[in-house]
Amino acid sequence: EYSALQNPLFRPGLDYWLETKRTLLQPHDTMPAEMAAQLESSLLNCPDSLDADTPKLYQTPLSLPHPTSIFFPNETIRLVSNDPVDPSKNHQKHNDIYSRTSMGRIMSKFDLDTLFFIFYHYQGTYEQFLAARELTIRGWQFNKLNRCWFYKEVEKLPPGMEQSEEISWRYFDYQKSWLARRCGADFVYREEEFERI
Amino acid sequence: LGIDLTPVLQSLGISSNANGRQRVLDTFPSPWVETSRSEVEPRFFVPE
Amino acid sequence: TNQEKMFLVFTEWVKLLQRVPDDDVKVTVFIRQMMDKGVIKSTENVIQFTKAAIELSVGSFKESDPASEVFIAADAFSKLIVKLLVVQVFTSLSRSEYLKLMLSVITIVFSEDQGMTGNSFNERPYFRLISSLLCQWEEASAHNFIKVQDQSYRNELIDFSPEFYNIIASFLHAFQPIAYPGFSFAWITLISHRMFLPKMLRLPGKAGWSKLVLLFTDLLKFMAQYTKKSDVPDAVSVVYKGALRVFLAVANDAPGFLVENHYELLNNLPPVYMQLRNVILSAIPKNMVLPNPYDAELRISDVEACQHVPNVYYDPVQDLKSLKKPVDNYLRIPSASLSRMVSTSLFKPGYEKDTGIGYDSVSVDTKLINAIVLHVGIEAALEKDKTTATAIFNTKSSYYTLLTSMLSDGNTEVRFHVVQAIANQLRFPNAHTHWFNYVLKNFFISEDWGQDTAEIQEIIVRTLLERVVTNKPHCWGIVVTFTELLRSSECSIMTLPFVKDIPEIEHIIKHL
């Protein structure tokens, strides 16, 4: 009787909706044939993992122009793998939800070049995220200001020297040379410049 | 009497190793094995 | 017509989202224009537009080539819903009301679709809409809506987010399998969705737990309703398989949820689902290591964890109704009249079909019995903390004698369900397991049952046996209790008539 429900847009949907309340209050003792048929139909149409996957309406083109073979497939291969995780990996990120996914595992086999390519060319994507994760696992850090990945190299010096270790920094030059380069002697590490991943 | 749950747990990616316990619901493709043939994209975050 | 205009606008929206990224300024401008031009300015318009959008989404799915992208419109619609929740300023209507309004319209269209199409109803576009809605909300809300610049809007959205999930849960409750059997499999997939279930489990303050228990109860009720002993439809077996996997996943990721909600979950669990019951009751708090229950040297009173009282999320006292006063009064000052009042209130007005092992109907209020037993256990544990252990580990304590009077006053059926309710509390090492272990052991060796001794002992043995004879998991408390009884020198189980007179049982007990 509420005026809102008098809306003609709601007929006959509202009537069907009310019917279901009756069933809820008094469920059938044994499953009627019609219900069994509907249940069967639901089973046949059961949504699968593709139906449940994250929607992608706009396909981002590669973020930086870079030649790629037309023979490479557009879809990423995401096969289900239930191989147990290697317990010898002790980095905390090794035990996160991504370590079990096939993409996460494939990334751990990629070399740095491939990881940087994915990071810079697939911006805003799940793949970029995983590449960043893998780089972090390998000890690289992302600088928010110059958008480069940096790596701290610690070299143990022979005993008897003034210092026990020598620290040098490298960064990956994605804009020009596409190579890892040593940082100049004037490089100063400032923690706040780096993304906490 | 139920069934031996070991293969069921395996299909879920749940290891019997208590130390290696990982969450499975965040990457759960479907309640049934038959409809879990491909992985689903889990939540993730890309900083600005 | 207005409807045609709505269709056009929505179609433009779908096209736009395929051409630009969703954080492009054009997307926000489009929405602003929708509002300025009155497409979604009033409640009436919102209703009309929502109806048009869902009808187009479902229609385009039905008409699309199955090999193509069939969900583009549904995905675009769910993105629109999220955008509308995030970018709008809510003055006359709250965010919650707005979302409920849109979901209500979708519900009515959904009802009409399934009502008109019957067996040829296709659940997939509706599933996709909600699935995508959950994915896109997750993206929008990541890191506490960090992409939202304005801090006060950000705070509003952060406050709203748990509401979002609970509203979705409420609508899923309305779509439950008993109401919409044609949506059953989509429904189960939705309640276990990676963007819904773990979120609901982990909302701060357990804000999602009540609704989750409701949804799991809906699932269990459906399974219970349609599991008759001999002819379980194949589809219901498939439902069970899925349900089992979901519960196993929850037991792995969030055992605390099963630990704290075992009472409500078991109230709706069909008794024949022995293994599923064990799965729920064997959940143990994360990081707890169980002492070996088969260890001959194990003394349950020495297990440190038995000092801790487990949390019970839903207080069973709410289910005692008119018996709350008599029970609590008895626990303070026991009297025969009070215990009699309890014992005579355990029956239901009539018989109800139920599928148990060895029985197919129930005339007692099992929910009430479960409530009384758990409530007494909760109160006993509280008493122990307030006073001493001897106050409750005492066959003269009111906690113990209330349960004994229920057994001695009751018939076979009452006794069976009381013992079952006690067995449901024999879980991981905790104060309840500890006390109920004491209760059951003493019930078994008690000499106060007179002629009823054999029956009560048989019920106890049967109850414990049926829980260990199934495939694993087995509850720690059940194994410990049963092991103690088997090893008991005070009363050798092997000499009991219901064991030695039945070769199969004798064989099993001997083996154990």
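Protein chains get the first letters and strands the later ones, always in sequence-line order, with residue 1 at the start of each. None of these values were measured; they are calculated from a predicted model.
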> Can you tell me if C:D113 and C:Y126 form a side-chain donor-acceptor pair at under 3.5 Å?
yes
> Report the option among A:L14, A:L39, A:T23, A:L44 that has the most heavy-atom pairs separated by less than 4.5 Å from atoms of chain C.
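Most pairs with chain C among the choices: A:L39.
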> Output the distance between atom CZ (C:F49) and atom CH2 (C:W13), rounded to the nearest 0.5 Å.
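One gets 8.5 Å once the value is rounded to the nearest 0.5 Å.
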> Contact part of A:A52 toward chain C, heavy-atom cut-off under 4.5 Å: side chain, backbone, both or neither?
both
> Which atoms of C:E139 come close to chain A, meaning under 4.5 Å heavy atom to heavy atom: side chain ones, backbone ones, both, or neither?
neither
> Using a strict threshold of under 4.0 Å (side-chain N to carboxylate O), is an ion pair present between C:K147 and C:D23?
no
> Can you tell me if C:K286 has over 12 outside heavy atoms packed within less than 6.0 Å of its NZ?
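Yes, NZ of C:K286 has more than 12 neighbouring heavy atoms, counting only those of other groups under 6.0 Å.
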> A:L50 versus chain C, heavy atoms under 4.5 Å apart: side chain, backbone, both or neither?
backbone
> Hey, what do you get for OH (A:Y122) to CD (A:Q128), rounding to the nearest 0.5 Å?
12.0 Å
> Using a cut-off of under 4.5 Å on heavy-atom pairs, state which of C:E123, C:Q3, C:Q18 scores highest against chain A.
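Top option by heavy-atom pairs under 4.5 Å: C:E123.
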> What part of C:R194 gets closer than 4.5 Å to chain A, counting heavy atoms only: side chain, backbone, both or neither?
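Contact with chain A is through the side chain of C:R194 alone.
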> Side chain from CB out, backbone as N, CA, C, O: work out which of these in C:V238 comes under 4.5 Å of a heavy atom of chain A, or both, or neither.
side chain
> Look at C:Y180, C:F222, C:W187 and state which one has the largest set of heavy-atom pairs under 4.5 Å with chain A.
C:Y180
> Shorter than 4.5 Å, heavy atoms on both sides: which option in A:C46, A:G13, A:P55, A:S42 has the most such pairs with chain C?
A:S42
> Give the member of C:T107, C:T189, C:N122 that has the highest number of heavy-atom pairs under 4.5 Å with chain A.
C:N122
> Who among C:G115, C:G182, C:P181 has the most heavy-atom pairs with chain A under 4.5 Å?
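Among the listed options, the one with the most contacts to chain A is C:P181.
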> Ring centroids only, cut at 6.0 angstrom: are C:F127 and C:F185 within range, meaning strictly under it?
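Between C:F185 and C:F127, which both carry aromatic rings, the centre distance is not below 6.0 Å.
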> Of the backbone (N, CA, C, O) and the side chain (C-beta and beyond), which part of C:F71 lies under 4.5 Å from a heavy atom of chain A, both, or neither?
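For C:F71, the side chain is the part near chain A, not the backbone.
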> Report, in residue-number order, which members of residues 128-137 of chain C are under 4.5 Å from chain A by heavy-atom distance.
C:R128, C:S131, C:S132, C:C135, C:Q136
> Let me know if C:E138 has heavy atoms under 4.5 Å from chain A in its side chain, its backbone, both or neither.
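Neither part.
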> For the pair A:F187 and A:F150, name the ring-plane relationship: parallel under 30°, tilted 30 to 60°, perpendicular over 60°.
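Rings of A:F187 and A:F150: parallel, under 30°.
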> With no hydrogens and no angle check, just 3.5 Å: does a side-chain donor-acceptor pair link C:S237 and C:D234?
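There is no such pair between these side chains.
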> Sort out for me which residue in A:F172, A:Y151, A:W149 forms a ring pair (Phe, Tyr, Trp, His ring centres under 6.0 Å) with A:W140.
A:Y151
> Go through the atoms of C:V20 and report whether side chain, backbone, both or neither lie under 4.5 Å from a heavy atom of chain A.
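For C:V20, backbone heavy atoms alone lie under 4.5 Å from chain A.
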> For chain C, which of A:L18, A:T54, A:D51 has the most heavy-atom pairs under 4.5 Å?
A:D51
> Should A:E127 and A:F119 count as side-chain neighbours, where that means a heavy-atom distance under 4.5 Å?
no
> Evaluate the criterion side chain to side chain contact (heavy atoms under 4.5 Å, CB included) for residue pair A:L135 and A:Q141; output intermediate values, then yes/no.
CA-CA 8 Å; A:L135 285 166; A:Q141 298 181 63; over 6 Å; no
> Relative to the ring of C:F110, is the ring of C:F175 parallel (under 30°), tilted (30 to 60°) or perpendicular (over 60°)?
tilted
> Is A:E19 salt-bridged to A:R22, cutoff N-O under 4.0 Å?
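Yes, this pair counts.
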